[in-house]
Student: 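The structure that follows is given in the form of structure tokens.
Counting convention: from 1, in listed order, for ligands and their atoms alike. This one's a predicted model, so the numbers in the text were calculated from it and none came from an experiment.
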Amino acid sequence: MQKQYRKIEVIDSHTAGEPTRLVINGFPELGDLNMASRLEILRTQYDQWRCTTILEPRGNDILVGALLCRPQNPKAAAGVIFFNNEGYLGMCGHGTIGLITSLHFLGQISYGNHLIETPVGDVTAQLHQDGSVSIQNVYSYRYRKAVQINIPDVGVIVGDIAWGGNWFFLVENSPIDIHYRDAKALTELCLKIKQVLASQGIYGKDNQEIDHIELFGSHPNANSQSFVLCPGGAYDRSPCGTGTSAKLACLAADKKLAAGEIWHQASVIGSQFQASYQPSDEGGIIPTIRGTAYISGQNSLLIDEQDPFRFGITAA
Ligand code: PYC
């Protein structure tokens, strides 16, 4: 008899070098609550499907997953829940650009504006005729300015804490040059910063963990170049949509960038996003991030019930 496999259908894309694996079929039914509630159901009851999709041997540490969900609002094009090798993300900028590009590839949306529901609120995405995508992200703001921390073997590092859909610690002048060849040293520095923030009880609003670290340096053809460490220990190959939103919130708070002015943010590999903001009545900003994603695969992940690694390779 022919073997039966459980199947997860995915569309793979990358946005400015950072991959997104969009799950279009094969995950358990999560119901009709909002995306934050559905994320909790996925996290507490079906987390093994995240592991199957993202962890080796079917995935890898740099992959970001996006589960396509039925939206609550009939006017929305989709709902989405983002996840990675460690857990779940509130919002993901490069992933939303990947989602829109994948939905267009599937023939499910056309050029123009699309409302997307995420666990941290609705975002609007515009698919342009040239294939690029602009996302109007969630409300973003700087929470604390110039927080000083002492990093063993490095010294004092000063950074801002800001929300851009995830929590970021942003270091304006990286003590290590932002260059792809130095990714290992940059990763180690960011991990140390993250550890010190956690051990000193330095959090975002409502004691939320600061799980993204962002270092900045100069770039010849952009306003700035960044290195962004993601929660699972992998670094973002793109300039990071939520990280660029957090950066804009700091620039706006410091009056270094005017509303509507374009900010070119380069990533550690040299890819770029264009970003701008509008002020929000609440004091922070509504950022817009523009970038391009490319489809890189259309695939069915097959899961053999007898495979000891069907739920991924984990330390446990
Ligand atoms: O683009 O917002 C982003 C993002 C978060 C984590 C990886 N990419």
Student: Above 12 or not: heavy atoms from other molecules or residues under 6.0 Å from CZ of Arg144?
Tutor: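 Result for CZ/Arg144: open.
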Student: Looking at Glu188 and Lys184, does any basic side-chain N land under 4.0 Å from a carboxylate oxygen?
Tutor: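 Lys184 and Glu188: salt-bridged.
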Student: Students should be able to answer this: which protein heavy-atom is nearest to atom 7 (C) of ligand 1, and at what distance?
Tutor: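 Scanning the protein heavy atoms, the shortest distance from atom 7 (C) of ligand 1 goes to Asp236 OD2, 3.2 Å.
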Student: If the threshold is 4.0 Å, N to carboxylate O, is there a salt bridge linking Arg58 and Asp307?
Tutor: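 Result for this pair is yes, salt bridge flagged.
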Student: Is Gly241 in polar range of ligand 1, meaning some N or O pair under 3.5 Å apart?
Tutor: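 Yes, at least one N or O pair falls under 3.5 Å.
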Student: Number the atoms of ligand 1 from 1 as they appear, then name those within less than 4.0 Å of a heavy atom of Cys230, with their elements.
Tutor: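 With Cys230 as reference, the close atoms of ligand 1 come out as 6 (C), 7 (C).
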Student: Check this for me - ligand 1, His94, N or O atoms closer than 3.5 angstrom, yes or no?
Tutor: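 Such a contact does occur with ligand 1.
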Student: Pick out which of Leu301, Leu22, Thr20 makes a side-chain contact (heavy atoms from CB on, under 4.5 Å) with Val10.
Tutor: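 The residue from Leu301, Leu22, Thr20 that satisfies side-chain contact (heavy atoms from CB on, under 4.5 Å) with Val10 turns out to be Leu301.
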Student: Is the closest N or O pair between Gly93 and ligand 1 shorter than 3.5 Å?
Tutor: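 Among all N and O atoms of Gly93, at least one is under 3.5 Å from an N or O of ligand 1.
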Student: Here's a test for you: under ring pair (Phe, Tyr, Trp, His ring centres under 6.0 Å), which of Phe168, Tyr235, Trp163 qualifies with His212?
Tutor: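 So, applying the ring pair (Phe, Tyr, Trp, His ring centres under 6.0 Å) to His212 and each of Phe168, Tyr235, Trp163, only Phe168 qualifies.
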Student: Please could you name the atoms of ligand 1 that Thr242 approaches to less than 4.0 Å, counting only its heavy atoms?
Tutor: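 Atoms satisfying the 4.0 Å criterion: 2 (O), 3 (C), 5 (C).
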